Amino acid sequence: MTIDWWTLGIQTVNVVILIWLLERFFWRPVAAMIEQRRATAQRILDEAEGKRSQAIAALAKIEQTRAGFAREREAILAAAHEAAELARAARLGEAAKEAAALLAEVKTVMEKEKSLADKAWSERASHLAVEIAERLAARLDGPAVRASFLSWLLKEIRALPDPVRQAVAANGVALEAISATPLAPADEERYRERISDAFGAHPLIVFKADPALIAGLELHGPHLAVRNSWRADLTQILADLTHDNRP
Amino acid sequence: MTSPLASVALFHLGPVPVTAGVEVTWAIMVVLVLGGILITRRLSLVPSAAQTVFELIVDTVDAQIRATMRVEPAPYRAFVGTLFAFIFVANWSSLVPGVEPPTAHLETDAALALLVFVAVIWFGIRAGGLRGYLATFATPNPIMIPLNFVESLTRTFSLLVRLFGNVMSGVFVIGIVLSLAGLLVPIPLMALDLLTGAVQAYIFAVLAMVFIAGAINEEGQPAPDTSSQRTPPS
């Protein structure tokens with residue numbers, strides 16, 4: 001058994017060349033393709049992981065935004081509730097003020113109407129009282145009453161200051177003596193003397209009758225008016241009552 | 001009578017005799033290289049069935065290198081893978097009528113063993129430098145230097161003898177049985193011979209990896225993390 005060294009050398013070179021050729025045309029391209037696929041798959045996985053992370057982050061952001069919406073909704077509701085409460089309170093306050101003003105106005109009107117009604121009733125009562133007094137006083141017209149009225153007239157004349165009494169009742173000055181019923185001539189003469197005495201002069205006195213006086217004796221002149229009758233008294237009383245009942 | 005173990009020159013290129021084994025080797029080279037070119041011409045990210053098969057072969061070679069040598073497979077893939085492919089195809093070339101496997105001749109096996117011997121030195125020096133490679137003979141202690149040196153020769157020789165013996169014996173047995181018995185009788189032996197050829201190709205490649213790994217890993221180079229092997233990401 002021998003070894004052919006030429007063949008050994010050729011086969012060695014053949015295998016070396018085959019190693020080089022297969023390295024160039026088979027092992028390296030296929031391994032590169034495997035590595036490229038692995039890198040591509042890894043890149044796709046990394047991208048998928050990145051997108052998954054982005055999706056998770058976006059989901060978290062959406063959750064956060066939704067939570068923000070809920071908080072904002074709560075805040076808006078709270079603000080609206082507070083504003084409604086404020087508006088309600090303000091409206092209630094205004095309504096209370098309006099009601100108070102209306103009540104005050106109504107009270108004022110009612111008081112005014114009540115005052116007017118009281119006044120009207122008072123006036124009516126006064127008139128009624130005066131009417132009652134007129135009817136009662138009409139029944140008192142007699143000699144005693146007339147004497148009383150005469151004495152009251154004389155008293156009034158004497159109460160006048162002297163210059164005034166002398167000026168209004170100088171001699172010849174025309175005066176009117178008015179009574180409720182016509183006087184008898186004797187009474188007229190007697191009254192004339194008593195009045196002249198009161199004046200201390202002799203004025204021209206003319207007697208007249210006026211039923212409106214009810215009872216009494218009044219004296220009227222150019223510069224004199226002595227009201228001395230039930231009518232004058234009742235008129236004065238009515239005026240006083242009406243004056244007292246003014247609101 | 002010519003010895004069946006002798007390589008008969010078919011013709012001469014000057015002083016160089018060209019034997020049948022060399023011719024078959026050239027044919028195998030052409031087939032493998034053209035096949036590689038055809039395969040890699042249409043590589044795509046979405047592989048065809050054929051591309052998937054050859055990617056599986058490359059991936060398997062890488063996995064074997066990782067498992068055996070505990071290193072990244074790229075620097076050793078072409079050498080180990082080509083040894084396996086060539087020996088496998090050469091062993092199975094006996095299926096072609098009239099073709100005798102080149103590995104059944106001593107020169108081819110010796111060439112392969114010689115390449116392994118040189119490759120061990122080459123990768124050892126490249127990994128740890130000349131000093132580092134020589135230091136591997138002093139492991140576990142300097143007393144082992146002669147034994148390690150002899151071992152480096154004898155293991156190369158054992159590669160040669162193992163491959164040559166197995167393939168040559170298969171060819172001889174089939175030839176003898178074919179000459180003695182009928183046409184169909186050697187078929188089981190031929191199937192056994194195919195199995196033996198595949199196993200021997202695997203053994204030769206694995207032993208080459210073991211020898212290279214012994215030269216590069218004894219430099220204290222850390223074994224790669226096997227978890228770095230290609231695994232589908234979870």
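Since we're looking at a predicted model, the values are computed, not measured. Quick note on labels: first sequence line is chain A, next is B, and so on, each numbered from 1.
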Visitor: How about A:E74: does its CD atom have over 12 heavy atoms from other parts shown lying under 6.0 Å from it?
Guide: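 Above 12, so yes.
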Visitor: Do B:T25 and A:Q11 have side-chain N/O donor and acceptor atoms under 3.5 Å apart?
Guide: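 Checked: B:T25/A:Q11 side chains pair up, N/O donor to acceptor below 3.5 Å.
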Visitor: Would you find more than 12 non-hydrogen atoms of other residues, nucleotides or ligands less than 6.0 Å from A:H81 atom NE2?
Guide: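 Atom NE2 in A:H81 is not crowded, with 12 or fewer foreign heavy atoms closer than 6.0 Å.
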Visitor: For chain A, find which of B:I39, B:L32, B:V46, B:L114 contributes the most heavy-atom pairs closer than 4.5 angstrom.
Guide: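 If we count pairs closer than 4.5 Å to chain A, B:L32 comes out on top.
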Visitor: Between A:T7 and B:H105, is any pair of side-chain heavy atoms under 4.5 Å apart?
Guide: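 Counting from C-beta outward, A:T7 and B:H105 never come under 4.5 Å.
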Visitor: Counting only heavy atoms from other residues, nucleotides and ligands, does the tally under 6.0 Å from CH2 of B:W122 exceed 12?
Guide: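 No.
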Visitor: Quick check on B:R126: does its CZ atom have over 12 non-hydrogen neighbours (other residues, nucleotides or ligands) under 6.0 Å away?
Guide: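 Correct, the count exceeds 12.
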Visitor: Sort out for me which of A:L21, A:V13, A:D4 touches chain B most, counting heavy-atom pairs under 4.5 Å.
Guide: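 Most heavy-atom pairs within the cutoff with chain B belong to A:D4.
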Visitor: Give, for atom OG1 of B:T82 and atom CD1 of A:I17, the distance between the pair rounded to the nearest 0.5 Å.
Guide: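 Answer for the OG1-CD1 pair, B:T82 versus A:I17, is 13.0 Å.
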Visitor: When you look at CD of A:E105, are more than 12 heavy atoms from neighbouring residues, nucleotides or ligands closer to it than 6.0 Å?
Guide: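 Result for CD/A:E105: open.
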Visitor: Side chain, backbone, both or neither: which part of B:V118 has a heavy atom under 4.5 Å from chain A?
Guide: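 Neither part; nothing is under 4.5 Å.
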Visitor: So do B:V58 and A:F26 actually touch side chain to side chain, heavy atoms under 4.5 Å?
Guide: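 In contact.
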Visitor: Tell me whether the count of non-hydrogen atoms from other residues, nucleotides or ligands lying under 6.0 Å of CZ in B:F11 goes above 12.
Guide: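 Above 12, so yes.
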Visitor: Under the criterion side-chain contact (heavy atoms from CB on, under 4.5 Å), which of B:V22, B:T108, B:L13 is the partner of A:I10?
Guide: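 Of the listed options, the one satisfying the test is B:V22.
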Visitor: Considering non-hydrogen atoms only, spot the tightest contact between B:F79 and A:I19 and give its length.
Guide: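 Smallest heavy-atom distance, with atoms named: CD1-CD1, 3.5 Å.
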Visitor: Under a 4.5 Å heavy-atom cutoff, which of B:G35, B:P47, B:P73 has the most pairs with chain A?
Guide: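 Heavy-atom pairs under 4.5 Å are most numerous for B:P47.
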Visitor: Pick one of side chain, backbone, both or neither for B:L112, based on which atoms fall under 4.5 Å of a heavy atom in chain A.
Guide: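 Contact with chain A is through the side chain of B:L112 alone.
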Visitor: What distance do A:I3 atom CD1 and B:L160 atom CG have between them, rounded to the nearest 0.5 Å?
Guide: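 Taking CD1 in A:I3 and CG in B:L160, the distance rounds to 7.0 Å.
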Visitor: What residue in B:L43, B:T40, B:I57, B:L45 has the most heavy-atom pairs under 4.5 Å with chain A?
Guide: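 Of the options given, most contacts go to B:L45.
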Visitor: Considering non-hydrogen atoms only, spot the tightest contact between B:E55 and A:R37 and give its length.
Guide: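 Answer, listing the atom of B:E55 first, then A:R37: OE1-NH1, 2.5 Å.
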Visitor: Hey, what do you get for CD (A:E35) to CG (B:D62), rounding to the nearest 0.5 Å?
Guide: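 Interatomic distance, A:E35 CD to B:D62 CG, rounded to 0.5 Å: 10.0 Å.
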Visitor: Quick check: closest heavy atoms across B:M29 and A:N14, and the distance to 0.1 Å?
Guide: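 Looks like CE-O, 3.4 Å.
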Visitor: If you look at every heavy atom in B:L115 and A:V16, which pair is closest and at what distance?
Guide: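 Here B:L115 and A:V16 meet closest at CD2-CG2, 3.4 Å.
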Visitor: Could you pull out the closest heavy-atom pair between B:F54 and A:V30, with the gap in Å?
Guide: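 For B:F54 and A:V30, the tightest heavy-atom pair comes out as O-CG1, 4.1 Å.
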Visitor: Taking atom CZ of A:R227 as the centre, report whether more than 12 heavy atoms of other residues, nucleotides or ligands fall under 6.0 Å from it.
Guide: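 Count not over threshold, so no.
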Visitor: Please say whether more than 12 non-hydrogen atoms of neighbouring residues, nucleotides or ligands are located less than 6.0 Å from CD in A:E47.
Guide: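 Yes.
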